[in-house]
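The chain is numbered in sequence order, starting from 1. In this text, all values refer to a predicted model and were calculated from it rather than measured experimentally.
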Amino acid sequence: MAELLMIRPTAAGQPVCVHSGLEYSGEICPRGHYGGGENLMGGEIVYWTVRRRLSDFATRLSVLRDLDRPQPGKSHYRDSDGKHMDGYVTFGAERHQFECQPLQHEQVIALEQAMGVRLPEQFREFLSSIGTGAGPYYGIEPYETLLECARPACARPFPWAEDDTFWLDEFSESDPDGCLPIVSYGCGTIVALITAGAHRGRVVYLGLDFACVPGPDFLTFYDKWLNESLAELESGERS
């Protein structure tokens, strides 16, 4: 499975990746999208496979795991108050510790049977290749939790259109149709994967204190977390 991403040249001649909006030169853009070397109306086509992208994720996770380790009495990292951080710097890492548990094929099938719908391909590949554990906020929920959240309502279309702004009903006892909770943000907020409908494959933040709108596709969501976590470590300070 592959994504085809258009590259357009700037006036100065440097191409800009439409997917990330970043300028680059040579074969690879700053976000890791590889140029295919084919011309199309003055631009390039970028050929980027999901598996290649996941391999890149695994490499950056390994870097995070090496850089972000508890260092009692030795850490040079500081929090927003200027205090030394002897534990993990990345928010939520004390729970997942950057460790992952890939799912077996039988587990993925059981999850899909419980939902009554096939998982979006990006997340399906992610679970098989990288798995539960390390991820944004408190990490990708463990398999047992995902299975508990899987329900037939996941197969019904997510109920809001592209331009809708919606608020959760505080009296509702369940999440909206068409989505599977995958990440705990904390304080009652979760990140869910949209599993059916027009926004299938995208993530959505669900909470009572803000307007909920569909966000990016899952791999873009995860990629952003990796980039921001590495940038935090480079700065020496948790934002």
ring-ring contact (aromatic ring centres under 6.0 Å, His included) against Phe123, all qualifying residues, sequence neighbours excluded
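Once residues adjacent in sequence are excluded, the partners of Phe123 under the ring-ring contact (aromatic ring centres under 6.0 Å, His included) criterion are Phe218.
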
Contact between [X] and [Y] at the side-chain level, heavy atoms closer than 4.5 Å - yes or no?
X      : Y      : result
Leu127 : Tyr143 : no
Leu193 : Pro120 : yes
Cys179 : Leu206 : yes
Arg200 : Val117 : yes
Phe98  : His96  : yes
Ser184 : Tyr137 : no
Glu141 : Ile182 : no
Asp223 : Arg60  : yes

Would you call the rings of Tyr205 and Phe221 parallel, tilted or perpendicular if under 30° counts as parallel and over 60° as perpendicular?
perpendicular

Could you grab the distance from atom [atom1] of [X] to atom [atom2] of [Y], nearest 0.5 Å is fine?
X      : Y      : atom1 : atom2 : result
Leu103 : Leu147 : CG    : CG    : 10.0 Å
Glu94  : Tyr88  : CD    : OH    : 9.0 Å
Arg151 : Met115 : CZ    : CE    : 11.0 Å
Ser129 : Arg53  : OG    : CZ    : 13.0 Å
Glu232 : Asn227 : CD    : CG    : 12.5 Å
Thr90  : Gln97  : OG1   : CD    : 12.0 Å

Side chain to side chain contact (heavy atoms under 4.5 Å, CB included) assessment of Phe57 paired with Leu219
CA-CA 9 Å; Phe57 285 4; Leu219 292 189; 3.8 Å; yes

State whether the side chain of [X] and the backbone N or O of [Y] hold a donor-acceptor pair below 3.5 Å, judged by distance alone.
X      : Y      : value
Arg202 : Gly215 : yes
Thr59  : Ser55  : yes
Thr195 : Leu119 : no

Regarding Thr220 and Asp217, do their side chains bring together a donor and an acceptor under 3.5 Å, going by distance alone?
yes

Of all heavy-atom pairs between [X] and [Y], which one has the smallest distance, and what is that distance?
X      : Y      : value
Pro157 : Asp177 : O-CB, 3.9 Å
Ala150 : Leu111 : CB-CD1, 3.8 Å
Ala155 : Ala196 : O-CB, 3.6 Å
Leu61  : Ala134 : CD2-CB, 3.8 Å
Ala58  : Ile130 : N-CD1, 4.2 Å
Val108 : Ser128 : CG2-OG, 3.9 Å

For atom CD of Gln104, is the number of surrounding heavy atoms from other residues, nucleotides or ligands below 6.0 Å larger than 12?
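Incorrect, the count does not exceed 12.
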
For Glu112, does the CD atom sit with more than 12 other heavy atoms under 6.0 Å from it, leaving out its own atoms?
yes

What about Val63 and Leu54, same hydrophobic cluster or not, with Ile/Leu/Val/Met/Phe/Trp/Tyr joined at side-chain heavy-atom distances under 4.5 Å?
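As far as the 4.5 Å side-chain criterion goes, Leu54 and Val63 are connected within one cluster.
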
Run Cys100 and Thr132 through side chain to side chain contact (heavy atoms under 4.5 Å, CB included) and show every step you take.
CA-CA 5 Å; Cys100 299; Thr132 61; over 6 Å; no

Lys/Arg N to Asp/Glu carboxylate O, Arg52 vs Asp56, below 4.0 Å:
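Judged by the 4.0 Å cut-off on N to carboxylate O distance, Arg52 and Asp56 do not form a salt bridge.
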
Is a salt bridge present between Arg65 and Asp68, judged by a nitrogen-to-oxygen distance below 4.0 Å?
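Looking at Arg65 and Asp68, the cut-off is not met.
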
Near-ring test Phe91/Tyr138, centroid separation under 6.0 angstrom
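Yes, the ring of Tyr138 comes within the 6.0 Å limit of the ring of Phe91, centre to centre.
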
